[in-house]
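Numbers restart at 1 for each chain; the letters A, B, ... are given by sequence-line order, proteins then strands.
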Amino acid sequence: MNVLAQTEETLKQEIASAVTRAGLAEAEELPEIILEKPKDKAHGDFAANIAMQLARIAKKAPRKIAEDIVEALDETKASIEKVEIAGPGFINFFMKDDFLGEIIPAILKAGKKYGHTDAGKGEKVQVEFVSVNPTGDLHFGHGRGAAYGDVLSNLLEAAGYDVKREYYINDAGNQIDNLALSVEARYLQALGEDAEMPADGYHGKDIIEIGKTLAAEYGTAWKEKDREERVAFFREYGLKYELGKIRKDLSEFRVEFDQWFSEQSLYEDGQIEQALKKLDDYVYEKDGATWFRTTDFGDDKDRVLIKQDGSYTYLTPDIAYHKNKLDRGFDKLINVWGADHHGYIPRMQAAIQAMGYDKNTLEVKVIQMVSLFEKGEKVKMSKRTGNALALRELMDEVGVDAARYYFITRSNDTQLDFDMDLARSESNDNPVYYVQYAHARICTMLKQAEAKGFDLNAAFDAKHLTTEKEMDLMKKLGEFPQMVADAAQMSTPHKVTQYVFELASLLHSFYNAEKVLDQDNRERTNARIALMKAVKITLANALQLIAVTAPEKM
RNA sequence: GUCCCAGUAGCUCAGCUGGAUAGAGCAACAGCCUUCUAAGCUGUGGGUCGCAGGUUCGAAUCCUGCCUGGGACGCCA
């Protein structure tokens, strides 16, 4: 299925055996053979730097080593057309053109599965992301983390990992008490009372809405009830309301979780006590509190687990949650956090190690901040809510396709400027449309082909694809599975938007240069139709990975 | 003060597990629609890769120091 990778593999093996045959190095001391795809076509289809790497081992000049390797190469084995030595000792390989011929049939056969590999070998990975406190609206910044976690999960699945997506609900602790008290205050205010918001209350307009709704539904009934009972009810009500809204927004943003994990459930099952027991060797008492010696694992200072008042810090149930994850048998845990939480990483990794696991079992991906720009100016606050722009409002403004695409274009560790006008624009400035248009264009062509009586499933021979633009397209198509595997392995979803943009660009370029449907050249037309189908599949699969739609027409 | 991220073309960013003349989009300039969607294509100009050292046959990429911008340093979550 991964044709290009197979070609590469064969070539690597042949180079390796040529090196040993030429007596340049023993098999054990052979460095990993690295083949790169040169940017400049004059440097061939693949280039190897092995001669430079061997300079020290073989104690010879790189160019001389390269000559020896080339001498020993069996060119028939790896379908090599031509070999050149260049620069300081690069060996450039020009492959027989037909090595590309296998790509299109492989794509047509694989269909929606094209790009999938078994690189991950079924390893169990859990991706925890978003996990926003259910005390208010998701804002646009959360959208970046949501898109990142979701696309990363998609990539891991495509690369053959066994992935579970999870949202950790902070439904215990202070912030939920504050939510309850905030709801209470808004409820009483809705009844015309002069109730004051708690000091750390949540001032979002959504809480005001809850208050009004409660007042309308129950009138003064809750006001007359026992305070404790009332707050308990508001607590549940507020939680359910906020969580429902978060679920709905994320669902609309095309993000679905396998599990919504309740912090409260950790309290109910005694899991926190169990986790504390597990940390026992690294726990001590001081100043009436219980501490975790995270400095044993490189943290700046030790951290409190149980406060003087006997309650847990945020860290403690979170450790229990991670113990729970590990107990479920995941090989790898990936957490997606906002940049403002980066300082929390050392203590969490300390916990992982204290529980007997390798530090890298937990990988934390930090997502840098997002700034919104409109009409060239930074948008700080929403006029409507007084808070940061809600994710819902962003979706309404620019659409889910554009929002998701933009969040994914940039590497997670650079701050993102989100240009609202650009995301909204239906013009060639907008990369989302550019890519989608490529897909739509192919769909139109294929419809035209049918209308003109071409058989879309006619037999074809890729040898009729001879122009440079066709070659470029086929090479690009062939890179897709490796790109997916790399992006999954390196947690770099932005490689997908980059790839899909490049593929779209090659398609547009080809489209403008060549005509696909030609009654006078049936054989070439059949081959080109097959090529177009392969590009369409690959574009659609790439867009599927980032959950952006692939329209049939625009 | 310590830690994390960034600093690459006028702007927004790729490239960073070291490799050949540093890439893309936008902006600027010049062209392309009687032909499968011009939401497109073709071409031109544009760079001390923040600064200074170091490692290396080779550094935007690795190491050290410094500068600038953003973020974090709670018995908050």
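A straight line from CG of Leu422(A) to C1' of rA39(B) spans 13 Å, rounded to a whole angstrom. As rounded to whole Å, 6 Å separates atom C1' of rA39(B) from atom CE of Met554(A). Atom pair Tyr344(A):OH and rU2(B):P shows a separation of 25 Å (rounding to whole Å applied). In this entry the distance linking CD1 of Ile442(A) with P of rA39(B) reads 16 Å, nearest Å. Whole-Å rounding puts the Arg441(A) CZ to rU35(B) P distance at 13 Å. Between the CG atom of Asp302(A) and the P atom of rG74(B) there is a distance of 13 Å, rounded to whole Å. Between the CD1 atom of Ile85(A) and the P atom of rC57(B) there is a distance of 21 Å, rounded to whole Å. Taking atom CG of residue Leu507(A) and atom P of nucleotide rC36(B), one finds them 16 Å apart after rounding to whole Å.
No contact: Ala61(A) has no heavy atom under 4.0 Å from any strand. Across all strands, Ser411(A) comes closer than 4.0 Å only to sugar-phosphate atoms, never to a base (heavy-atom distances). Ala449(A) comes within 4.0 angstrom of no nucleic acid atom, judged by non-hydrogen atoms across all strands. Counting non-hydrogen atoms under 4.0 angstrom, Asn92(A) reaches a base of the nucleic acid. Within 4.0 Å of Ala86(A), counting heavy atoms only, lies at least one base atom of the nucleic acid. In this structure, Gln308(A) reaches the bases: a heavy-atom distance under 4.0 Å links it to at least one base atom across the strands shown. Nucleic acid contact for Thr444(A): base, since at least one base atom lies under 4.0 Å from a heavy atom of the residue.
Checking side-chain atoms of Asp419(A) against main-chain N and O of Asp421(A) turns up a donor-acceptor pair under 3.5 Å.
Stacking of His342(A) onto the six-membered ring of rA72(B) is not present when judged by under 5.5 angstrom between centres and under 30° between planes. The aromatic ring of His341(A) does not sit over the base of rG71(B); the criterion of centres under 5.5 Å apart with planes under 30° is not met.
For the pair Tyr314(A) and rC75(B), the criterion of a side-chain N or O lying under 4.0 Å from OP1 or OP2 is not met. Of the side-chain N and O atoms in His508(A), none sit less than 4.0 angstrom from OP1 or OP2 of rU42(B). The phosphate of rA14(B) has OP1 or OP2 within less than 4.0 Å of a side-chain N or O from Thr414(A). In this model, the phosphate group of rU37(B) is not approached by any side-chain N or O of Lys447(A) to a distance below 4.0 Å at OP1 or OP2. Not one side-chain nitrogen or oxygen of Thr409(A) sits closer than 4.0 Å to the OP1 or OP2 atom of rU12(B). Side-chain nitrogen and oxygen atoms of Tyr511(A) include none within less than 4.0 Å of the OP1 or OP2 phosphate oxygen of rU35(B). In this model, the phosphate group of rG74(B) is approached by a side-chain N or O of Lys301(A) to a distance below 4.0 Å at OP1 or OP2.
Across all strands shown, the partner of rC62(B) is rG54(B), judged by Watson-Crick or G-U wobble contacts whose two distances both fall under 3.5 Å. Base pairing analysis places rU68(B) opposite rA6(B); the two distances defining the Watson-Crick or G-U wobble pair are each below 3.5 Å. Across every strand in view, rC29(B) sits in a pair with rG43(B) that passes the Watson-Crick or G-U test at under 3.5 angstrom. Under the Watson-Crick and G-U wobble criteria, each requiring two contacts below 3.5 Å, nucleotide rC73(B) is paired to rG1(B).
The side chain of Asn512(A) lies closest to rC41(B), out of rA20(B), rA39(B), rC41(B). Taking only side-chain atoms of Met369(A), from C-beta outward, the nucleotide of rG71(B), rC36(B), rG25(B) with the closest atom is rG71(B). In this structure, of rA38(B), rG25(B), rG74(B), it is rA38(B) that holds the atom nearest to the side chain of Tyr437(A). Comparing rC36(B), rC5(B), rC75(B) by their closest approach to the side chain of Asp413(A) singles out rC5(B). The side chain of Lys495(A) lies closest to rG15(B) when the candidates are rA77(B), rC5(B), rG15(B). The side chain of His494(A) approaches rA14(B) more closely than any other nucleotide in the set rA14(B), rC36(B), rC75(B).
Nucleotides rG43(B) and rA6(B) place their P atoms 34 Å apart, quoted to the nearest Å. Comparing the C1' positions of rC29(B) and rU17(B) gives a spacing of 41 Å, expressed to the nearest Å. Separation of the P atoms belonging to rA22(B) and rG50(B) is 15 Å when rounded to the nearest angstrom. Rounded to whole Å, the separation between the P atoms of rG69(B) and rA24(B) comes to 32 Å. With C1' as the reference atom, rU34(B) and rA39(B) are 22 Å apart, rounded to whole Å. Going from the C1' atom of rC32(B) to that of rG19(B) covers 39 Å, rounded to whole Å. Look at the C1' atom in both rA59(B) and rA20(B): the space between them is 14 Å, to the nearest Å. Across the C1' atoms, rC41(B) and rC5(B) are found 38 Å apart, a figure rounded to whole Å.
Between Asp309(A) and Ala42(A), the residue anchored closer to the 5' end of RNA chain B is Ala42(A), taking for each the nucleotide with the nearest heavy atom. Nucleotides of RNA chain B nearest to Ala55(A) and Lys307(A) differ in position, and the one nearer the 5' end is that of Ala55(A).
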Would you tabulate the nitrogen or oxygen pairs shorter than 3.5 Å linking the protein to nucleotides 17-19 of chain B?
residue	atom	partner	partner atom	Å
rG19(B)	N7	Asn49(A)	ND2	2.8

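Less than 6.0 angstrom separates the ring centroid of Phe418(A) from the ring centroid of Tyr406(A). Ring to ring, Phe501(A) and Tyr434(A) are close: their centroids are under 6.0 angstrom apart. Under the 6.0 Å cut-off for aromatic ring centres, Tyr499(A) and Phe480(A) qualify, their centroids lying closer than that.
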Chi angles and distances behind the side chain to side chain donor-acceptor pair (under 3.5 Å) call for Gln436(A), Thr549(A): CA-CA 8 Å; Gln436(A) 291 180 319; Thr549(A) 60; 3.3 Å; yes

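Under a cutoff of 6.0 Å and an axis angle of 45°, Lys469(A) and Phe510(A) do not form a cation-pi pair.
A salt bridge links Glu8(A) with Lys37(A): the closest approach of a Lys/Arg side-chain nitrogen to an acidic carboxylate oxygen falls below 4.0 angstrom. Using a 4.0 Å cut-off between a side-chain N of Lys or Arg and a carboxylate O of Asp or Glu, Glu123(A) and Lys332(A) do not qualify as a salt bridge. Ion pairing between a basic and an acidic side chain is recognised when a charged N comes within 4.0 Å of a carboxylate O; Arg293(A) and Asp296(A) show such pairing. At a threshold of 4.0 Å, the pair Lys64(A)-Asp68(A) counts as salt-bridged, since one of the basic side-chain nitrogens sits closer than that to a carboxylate oxygen.
Of the listed residues (Lys325(A), Lys365(A), Glu363(A), His341(A)), just one forms a side-chain hydrogen bond (donor to acceptor under 3.5 Å, both in side chains) with Asn335(A), and that residue is Lys325(A).
With a glycosidic angle no further than 90° from 0, rC33(B) counts as syn.
For Glu523(A), the CD atom sits in a loose shell: 12 or fewer heavy atoms of surrounding residues, nucleotides or ligands are nearer than 6.0 Å.
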